[in-house]
A.B. asks: 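Take this structure first; my questions come after.
Values in this document were obtained by computation on a predicted structure and should not be read as measured data. Just follow the structure's listing: the first ligand is 1, and inside any ligand the first atom is 1.
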Amino acid sequence: MPTLQPSLEPTITIIPLTRTATVSPTSTQTPTPIPCDPFTADFCITDGHFLLQRPIHPPANDSVERTYPFASTGNGTRDPHRGVEFVNELGTPVYAAGDGVVIFAGPDEVAVYSPWPIFYGNLIVIQHDNELFTLYAHLSKIDVAAGDHVSAGQKIGEVGRSGVAIGSHLHFEVRRGDVEDYFSMVNPELWLLPSKPDFGALAILMRDANSIFQNANITLQQVSASGEILGLNYLETYHQTLALGDENVGINDLPAGRYRITFVHGGFYERWVEVQSGKLTQVVIVVK
Ligand SMILES: [Zn+2]
């Protein structure tokens with residue numbers, strides 16, 4: 001993992017998403033969608049945009065590594081993490097996350113996709129519809145070449161530790177818009193299908209009354225109907241340079257259920273939300 005400290009002036013490209021804030025009708029018996037505004041509701045359940053498949057398939061580890069999530073700075077010791085890790089053994093098959101065209105396959109000897117050469121090591125970049133791109137880094141083996149058309153789920157390479165990597169893992173990124181813009185990444189967790197049918201995702205936007213992103217360390221607890229804590233996650237808001245406009249925390253693979261969000265920001269904040277299978281829960285918290 002990188003220990004570089006680039007002195008870049010980031011150019012942040014904010015592309016507004018067309019993420020719907022309404023609950024889609026699930027049957028013809030509900031002719032009018034119930035509008036849900038995350039700025040006034042405690043939370044909104046949306047379809048999200050889970051357009052991508054997992055790049056690692058079971059029985060290998062298809063879960064995002066929680067100790068080094070998207071946007072993490074490793075307690076301020078690293079450049080913000082632009083992707084997510086799938087920690088797996090050398091040689092684990094890596095699969096295309098969606099249909100698309102390979103636009104790069106090989107070692108990143110020229111710094112195009114990051115400010116540093118040989119940063120991603122053996123790298124594959126695939127262009128998909130919707131101006132989406134996926135990047136697969138640190139590979140030990142590459143099975144495709146630039147120009148190849150690939151299908152979702154097609155094997156494209158193998159996990160390695162080439163480039164700036166500690167231990168073998170797949171570093172996976174999703175970019176939107178200008179693929180060569182190192183700041184065009186989005187949180188892969190909000191674009192990947194949950195890894196299990198009864199999992200959903202959560203996106204939190206924390207801002208103040210002037211729409212300025214606010215930072216806090218968030219505690220997320222899954223709580224049963226009887227009040228028992230079933231799961232616990234500590235979430236760090238995105239680094240300011242990764243202020244993507246839509247959320248500043250995003251996490252997938254949460255078991256469906258009731259969750260309690262708490263954090264301290266001047267005062268103590270608490271919000272109860274629900275996560276549903278295959279859905280994205282959108283939460284907006286305006287702090288004082
Ligand atoms: Zn990584």
A.B. asks: Between Arg175 and Asp178, does any NZ, NE, NH1 or NH2 come within less than 4.0 Å of an OD or OE carboxylate oxygen?
C.D. replies: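 Not counted as a salt bridge, because no side-chain N and carboxylate O are separated by less than 4.0 Å.
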
A.B. asks: Under 2.8 Å from the Zn ion (ligand 1) - does any N, O or S atom of His171 fall there?
C.D. replies: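 Given the 2.8 Å cut-off, His171 counts as a ligand of the Zn ion (ligand 1).
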
A.B. asks: Whether the His169 and Glu65 side chains hold a donor-acceptor pair (N or O, under 3.5 Å, no angle test) is what I'd like checked.
C.D. replies: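 Note: His169 and Glu65 side chains miss the donor-acceptor criterion.
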
A.B. asks: Could you tell me whether any N, O or S atom belonging to His81 is less than 2.8 Å from the Zn ion (ligand 1)?
C.D. replies: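 Yes, since at least one N, O or S atom of His81 sits under 2.8 Å from the Zn ion (ligand 1).
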
A.B. asks: Report yes or no: is the cationic atom of Arg54 (NZ for Lys, CZ for Arg) closer than 6.0 Å to the six-membered ring centre of Phe86, at no more than 45° off its axis?
C.D. replies: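 Verdict for Phe86: no cation-pi partner in Arg54.
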
A.B. asks: With a cut-off of 6.0 Å (strictly less than), are more than 12 heavy atoms of other residues, nucleotides or ligands near CD of Glu89?
C.D. replies: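 No - once you tally the heavy atoms of other residues, nucleotides and ligands closer than 6.0 Å, there are 12 at most.
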
A.B. asks: For the Zn ion (ligand 1), what is the closest N, O or S atom on Glu85?
C.D. replies: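 In Glu85, the heteroatom (N, O or S) nearest the Zn ion (ligand 1) is OE1.
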
